[in-house]
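Input: a single structure, listed below in structure tokens.
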There are 2 protein chains.
Amino acid sequence: MLPLSQTTGYAVRAMQCLQEPGGHPVLVEEIAEYTGIPHSYLSKLVHKLAKKGLVVARRGHHGGVVLARPAAEITLEDLSEAIDGVAWRKRCLIGLLGCSDANPCVLHEFWHETLNQVLVRLRSVTLADLAQNHDAGVERFRESHGLAEPAAHELEPERELVGHS
Amino acid sequence: MLPLSQTTGYAVRAMQCLQEPGGHPVLVEEIAEYTGIPHSYLSKLVHKLAKKGLVVARRGHHGGVVLARPAAEITLEDLSEAIDGVAWRKRCLIGLLGCSDANPCVLHEFWHETLNQVLVRLRSVTLADLAQNHDAGVERFRESHGLAEPAAHELEPERELVGHS
DNA sequence: ATCAATGATGATCTTCCGGTAATCTAATGC
DNA sequence: GCATTAGATTACCGGAAGATCATCATTGAT
């Protein structure tokens, strides 16, 4: 009933690997190896993101994927919306199909406000925010899972996390 | 990734129909007719709630279901926990298996705090709160959907109805 | 003791999501 | 233009959640 799906999580991790618009395209294959997301599944995911205008994918020699706009202009909400859509935001908490703004159930206002708080938070975090902690977080994960080494890694010291509280 | 499942919604609706502890037991059948939740599915749901100590169910003559404690002492969080458990609260937003409090991903703190805000809200609403608006909310819904009066009509097959496809 | 009322339970079906594999199509270099 | 490199697309598999059906087990009235 509030599906920030696993695939949206994948989307976040994939996007963390991408360059700013204009940079060298990153191969889906590279993202797959780096993140551990299955190649073929990632390919579809990327395609979805491309259709939504968040990334640009090119085929053939020197193809790959780049951000369609600056990382600072892509929020978690954008990713959630691109992958999971927005339909779930309108679903009644207790599943009454007749429930709507005009015809609210007992919990309508309560739930609407709850979702809103979550969305505000999702909107407050951008890809650029993530990049700042990218290495620290992902490196730890990679070590504990024996995944492939990235080409270059510059580990920034532990910073205060993105928390907006 | 934040599954307040459809079944939890059912649980809320079902619980709205119950009496205070000590009151006359309500039949699963009655709840099913009143709410539109499939009888057999509801039966399992009720059983789960009983195992969690939220309701008491008795079989046989004059059996039925009653609240195990006052409505004012049962929160939405209780229901969510009884049905969906708590595992999902600990899952990493972006699906990193190595992510934990000791080994946080970039979004760990952010997500933890987000979930917390939701939980605080779920904890702030009790069944008793719902009862106060029960009639207004549910009646409106029933009217606009032609659902059975507590005294059982039959439901039209083609109309969109909660949980029927 | 018996029987009917009523919840409990297990098998099965469907749908959706995550995931795999094979193949198609577009872009580039030669 | 042809081969190679990439992403795009299609078909299919498996598991979990929702839902249904049939059957079992318990309680209380008589």
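Note that these values count all heavy atoms, side chains included, but never hydrogens, waters or copies made by symmetry. In the text below, chain A, chain B and the rest are named by the order of the sequence lines, each starting its count at 1. Model, not experiment: these values are computed from the prediction.
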Check ion pair Glu109(A)-Arg121(B) (N to O, under 4.0 angstrom)
no

Val86(B) and Glu81(B) have their tightest heavy-atom pair at CG1-CG, 3.5 Å

Given protein heavy atoms under 4.0 Å, the one-letter contact record of nucleotides 16-26 of chain C, with B base, S sugar-phosphate only and - none, is simply --BBBBB--BS

query = Would you call Glu77(A) and Arg89(A) a salt bridge, using N to O less than 4.0 angstrom?
reply = yes

Residue set satisfying salt bridge (charged side-chain N to carboxylate O under 4.0 Å, His left out) with Asp78(B), at least two apart, ordered chain then number -> Arg69(B)

Rounded to whole Å, CG of Leu27(A) lies from P of dT4(D) at a distance of 18 Å

By nearest-heavy-atom nucleotide on DNA chain C, the more 5' of Gly64(B) and Gly63(A) is Gly64(B)

Practice prompt. Treating Ile, Leu, Val, Met, Phe, Trp and Tyr as nodes and any side-chain heavy-atom pair under 4.5 angstrom as an edge, say whether Leu49(A) and Val56(A) lie in one connected cluster.
Written response: no

Rounded to whole Å, CD of Glu33(A) lies from P of dA6(D) at a distance of 12 Å

Fill in: Between Tyr10(A) and Ser5(A), a side-chain donor and acceptor under 3.5 Å
no

May I ask you to evaluate whether His62(B) reaches the phosphate of dA29(D), defined as a side-chain N or O under 4.0 Å from OP1 or OP2? yes

Rounded to whole Å, CG of Leu4(B) lies from C1' of dG18(D) at a distance of 16 Å

Taken to the nearest whole Å, CZ/Arg58(A) to P/dA27(C) is 10 Å

Note: contacts of residues 46-56 of chain A with DNA chain D (heavy atom, under 4.0 Å) are His47(A)

Ala68(A) and Gly53(A) have their tightest heavy-atom pair at CB-O, 3.4 Å

note: Leu45(B), atom CG; dT9(C), atom C1'; distance rounded to Å ~ 15 Å

Rounded to whole Å, the CD-C1' distance (Glu30(A) to dA6(D)) equals 11 Å

Quick check on the hydrophobic clustering: are Trp88(B) and Leu76(B) connected, directly or via other members, by side-chain heavy-atom contacts under 4.5 Å?
yes

Leu4(B) and Trp111(A) have their tightest heavy-atom pair at CD1-CH2, 3.3 Å

